[in-house]
Amino acid sequence: MPAILAIESSCDETSASVCVDGAILSNVIANQTIHEAYGGVVPELASRVHQQNIVPAVQQALLNAKVSKNDIDAVAFTRGPGLLGSLLVGVSFAKAFALAKQLPLIEVNHMQAHILAHFIAEKKPSFPFICLTVSGGHTQIVLVKDYFDMEVIGQTLDDAAGEAMDKTSKILGLPYPGGPLIDKNARNGNPDAYKFPEPQIPGFDFSFSGLKTSILYFIRDNVAANPNFIQENMNDICASVEKRIATILINKLKKAAYEYGIKDVALAGGVSANTGLRNLLTETGAQNGWNVFIPKFEYCTDNAAMIAIAGYHKYLKGEFIGQDVAPLARMPF
Ligand code: KG4
Ligand code: ZN
């Protein structure tokens with residue numbers, strides 16, 4: 001019955017979770033609003049806010065789970081990938097807690113954890129499955145052969161899908177992070193109002209930089225003709241951009257599932273909170289006879305519950321790491 005305390009601090013969410021015997025008992029997420037004014041995450045500020053939030057987040061996670069810090073058996077933490085200064089706060093906290101309590105440490109890869117979040121739910125995918133992982137920093141199609149045996153079979157050659165959402169919202173004058181606002185506006189818009197190009201990239205890779213440029217020129221030309229173009233057409237623009245990003249992602253996913261002959265298909269990462277993407281995946285899954293796995297909203301964006309479930313499976317394998325561990329800004333599978 002291992003009780004695991006998990007810490008996530010790779011970007012701008014400070015999160016702590018307690019998991020007992022594979023069941024998530026708490027998942028506390030402290031969001032950082034300080035970055036809104038800057039139109040993106042400011043790494044130095046993120047580290048400072050993590051520093052302020054980490055102890056209260058852990059205390060709250062223990063309290064919500066009704067687990068005493070004396071009953072924790074291991075500490076799992078995000079080692080990378082992410083912002084180095086942000087990771088340092090979580091890694092240092094995890095090491096200090098483990099040292100004080102004489103506990104083993106478990107390192108977790110953030111991108112693997114997004115995928116392993118599917119093992120929190122009762123309905124779990126079977127190996128091998130394919131996962132489309134879409135976040136602010138990554139866009140990957142991953143062949144998941146086992147808990148920690150994953151192969152990236154496709155990825156973005158430039159911007160990530162979340163970055164494409166966030167950059168579009170910036171062009172539209174919306175605050176950061178733009179993805180959720182594009183989603184909200186798109187719900188009242190016509191997704192077929194405007195057509196944006198679909199890049200022709202071979203294999204399972206993606207590219208979003210051309211799309212970003214075409215959106216930029218489209219807005220610039222229309223605003224030159226009508227200064228109120230954005231305000232008058234905001235919902236239609238958001239719906240059309242969202243549809244294009246979702247179709248680019250799902251078309252590649254379809255190709256991968258078909259070529260690998262896989263029917264269990266999952267979605268993960270912050271952009272998996274997007275309504276248009278979730279709906280298109282559900283629809284495509286029904287047409288192709290897939291078993292579709294879409295995480296609950298609280299497990300889509302960054303959270304420590306996914307670190308806890310990944311940590312639990314590493315605990316079962318007896319995979320621990322020493323106190324000399326350091327964070328990794330880049331951390332391949
Ligand atoms: O996984 P995540 O929380 O952090 C990273 O590891 O990057 O992903 C954050 C990304 C941001 O780009 C954000 O705009 C996007 O996920 N996002 C969304 C939605 N919610 C978050 N994009 C579209 N629709 C949403 N509802
Ligand atoms: Zn993430």
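For ligands, and for the atoms within them, numbers begin at 1 and follow the listed sequence. These numbers come from a predicted model, not from an experiment.
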A.B. asks: May I ask you to identify, for His114, whether its side chain, its backbone, both or neither come under 4.0 Å of ligand 1 on a heavy-atom basis?
C.D. replies: side chain
A.B. asks: Going by the angle between their ring planes, with limits at 30° and 60°, are Phe204 and Tyr260 parallel, tilted or perpendicular?
C.D. replies: tilted
A.B. asks: Within the stated cut-off of 2.8 Å, is an N/O/S atom of His114 closer than that to the Zn ion (ligand 2)?
C.D. replies: yes
A.B. asks: Any idea which part of Glu242 is under 4.0 Å from ligand 1, heavy-atom wise: side chain, backbone, both or neither?
C.D. replies: neither
A.B. asks: Ignoring hydrogens and geometry beyond distance, is a side-chain donor-acceptor pair present between Gln140 and Thr133 at under 3.5 Å?
C.D. replies: no
A.B. asks: Could you tell me if Arg278 and Thr275 have a donor-acceptor pair between their side chains, going purely by distance under 3.5 Å?
C.D. replies: no
A.B. asks: Of Gln112, His110, His118, which meets side chain to side chain donor-acceptor pair (under 3.5 Å) against His114?
C.D. replies: His110
A.B. asks: With a 4.0 Å cut-off on heavy atoms, is Ile182 touching ligand 1?
C.D. replies: no
A.B. asks: So which protein heavy atom does atom 11 (C) of ligand 1 come closest to, and at what separation?
C.D. replies: Asp166 OD2, 3.5 Å
A.B. asks: Using 2.8 Å as a strict upper limit, say whether an N, O or S atom of His110 approaches the Zn ion (ligand 2) that closely.
C.D. replies: yes
A.B. asks: How far is atom 10 (C) of ligand 1 from its nearest protein heavy atom, and which residue and atom is that?
C.D. replies: Gly136 N, 3.5 Å
A.B. asks: Can Glu8 and Ser10 be counted as having a side-chain donor-acceptor contact under 3.5 angstrom?
C.D. replies: yes
